[in-house]
Amino acid sequence: MSTWISPAFEGRGRSPSAPFVAQQFDNIEQQRDAAKLGMWIFLATEVLFFGGLFLGYTIYRFTYGQIFVETSRKLDVMLGGTNTAVLLISSLLMAFAVRASKLDQKRMLTWLLIGTALLGCVFMSIKAVEYHKDYVDHLVPGSHFEWHGSDPHNAELFFWIYFAMTGLHAIHVTVGIAIMVVLALLAWLGKFSHGNHNTVEVAGLYWHFVDIVWVFLFPLLYLVGHR
Amino acid sequence: MFGVADWLFAAPRGAPGDRALPPCELVMEDVVKTKVYVWTCIALLALLALTWAIAYVDLGPFNLIVALAVAVGKAIVIALFFMHIKGSSRLLHLAAVAGVIWLLFLICLTLGDYSTRGWVPLNH
């Protein structure tokens, strides 16, 4: 802690009026750029993490195209589409949150982070309703699975892929909600005030990435062929 | 235990050895106008409506192509405006494109394998 800060700033709930720069950085711009670059590199690994599933989907879709069209129609496009809209709007709130953190609007930032987390919860709730519907309709792969059309084996394969992809995405949304709740608490305590907003910006990148993944999952799983 | 509480309620101070900038050096970052984000979201919702509507029109194989094109368009809009790729450094552009390029390698090479199997008869 450098010596220029007077003790008056160190009381509970008070903060110095400038951002902190870690030892290894020359200046605040470098510190901010490093954080963003690190997050983008992490997101590149996430692209490849989801990429394996997208690859599997692609191969099976080209191999068993017709059955994928039939199975996709069993999914509820209304719930899936609503969930897309929910995530897109949550991304808008997240973008506003990052903006508020840059403008040092503590109260606004806290509420926007809570709003983002709540929309994440709405997404997960709709997803839960959907999974329950799939379960009741005997569409969950395993001994419970029932398919009365042709080619039940590959119909089950589609649902394996559907649950793997949406499940992995749901885990990411859950992690995102947890991050937003913790950040909202820290924002309320003033941890991101006065230019210390790196964490919020980086968390925003993660949230938008999770949104992008769903943007691809929605047409690929729910809108296979025409309905 | 009490260390956590102390940290939570203390003023932000960073790690030991971090230095705080004097107030005159405080760098406020440029922020994007609110209406840019609102229009971005409206554009994304419009693209969602488009891809949803087109799914009910039979275009044959073009259903897939249009759906993917709209998804790519939405991803680009999110990356450009929400993730601030527009206006960020070339290094970040590179990092953002890198993951996508490797994903394309993965998909193109694997499809190259699957789609050409059986072209050459093998004697077993």
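Note: hydrogens, waters and symmetry copies are ignored here, and every other heavy atom, side chains too, is used. Just so you know, these numbers come straight off a predicted model, no measurement behind them. Protein chains get the first letters and strands the later ones, always in sequence-line order, with residue 1 at the start of each.
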Checklist entry - How long is the gap from CD1 on Ile89(A) to CG on Leu45(B), to the nearest 0.5 Å? => result 5.5 Å

Checklist entry - What part of Leu48(A) lies closer than 4.5 angstrom to a heavy atom of chain B: side chain, backbone, both or neither? => result side chain

Next on the checklist: If we define contacts as heavy-atom pairs under 4.5 Å, which of Ile85(B), Val100(B), Ile101(B) has the most with chain A?
Outcome noted: Ile85(B)

Checklist entry - With respect to chain A, which residue among Ala95(B), Ser88(B), Ala75(B) yields the maximal number of heavy-atom pairs within a distance under 4.5 Å? => result Ala75(B)

Checklist outcome for this item: Ranked by heavy-atom pairs below 4.5 Å to chain A, first place among Ile107(B), Thr51(B), Thr34(B) goes to Thr34(B)

Checklist outcome for this item: d(Leu223(A) CG, Leu64(B) CG) to nearest 0.5 Å is 10.5 Å

Item to check | Ile76(B) side, atom CD1; Ile212(A) side, atom CD1 - distance, nearest 0.5 Å | outcome: 9.5 Å

Item to check | Within-4.5 Å side-chain heavy-atom neighbours: Thr40(B) and Leu92(A) | outcome: no

Checklist entry - Relative to chain A, which segment of Val38(B) carries a heavy atom at a distance below 4.5 Å: side chain, backbone, both, or neither? => result both

Next on the checklist: Less than 4.5 Å to any heavy atom of chain B: does that hold for the side chain of Leu43(A), its backbone, both, or neither?
Outcome noted: side chain

Item to check | From CZ (Phe49(A)) to CG (Leu103(B)), nearest 0.5 Å | outcome: 14.0 Å

Next on the checklist: Among Pro219(A), Ala44(A), Ala95(A), Gly51(A), which residue has the highest count of heavy-atom pairs closer than 4.5 Å to chain B?
Outcome noted: Ala95(A)

Item to check | Point-to-point distance, once rounded to the nearest 0.5 Å, from CE of Met83(B) to OG of Ser91(A) | outcome: 8.5 Å

Checklist entry - Between Phe218(A) and Trp52(B), how do the two ring planes meet: parallel, tilted or perpendicular, split at 30° and 60°? => result perpendicular

Checklist entry - Under 4.5 Å between any side-chain heavy atoms of Glu201(A) and His84(B), yes or no? => result yes

Item to check | Partner chain A: residue of Leu91(B), Leu111(B), Val97(B), Leu48(B) with the largest heavy-atom pair count (under 4.5 Å) | outcome: Leu48(B)

Checklist outcome for this item: Most heavy-atom pairs under 4.5 Å with chain B, out of Ile41(A), Asp211(A), Thr84(A), Thr58(A), belong to Thr84(A)

Next on the checklist: Quick check on Met108(A): does its CE atom have over 12 non-hydrogen neighbours (other residues, nucleotides or ligands) under 6.0 Å away?
Outcome noted: no

Checklist entry - More than 12 heavy atoms of other residues, nucleotides or ligands under 6.0 Å from OH of Tyr60(A): is that the case? => result no

Checklist entry - Which bit of Leu109(B) comes within less than 4.5 Å of chain A, counting heavy atoms only: side chain, backbone, both or neither? => result neither

Checklist outcome for this item: By side chain to side chain contact (heavy atoms under 4.5 Å, CB included), Val213(A) pairs with (sequence neighbours left out) Phe50(A), His169(A), Phe209(A), Leu217(A)

Checklist entry - Taking the side chain as C-beta and beyond, is there a heavy-atom pair between Val98(A) and Phe82(B) under 4.5 Å? => result no

Next on the checklist: Check whether Arg99(A) reaches the backbone of Val31(B) with its side chain - one donor and one acceptor, N or O, closer than 3.5 Å.
Outcome noted: no

Checklist outcome for this item: Between the CG atom in Leu94(B) and the CG atom in Leu37(A), the distance rounded to the nearest 0.5 Å is 9.0 Å

Checklist outcome for this item: Applied to residues 102-120 of chain B, the salt bridge (charged side-chain N to carboxylate O under 4.0 Å, His left out) test, sequence neighbours excluded, yields Asp113(B)-Arg117(B)

Checklist outcome for this item: The interface call for Tyr37(B) against chain A, heavy-atom contacts under 4.5 Å, is both

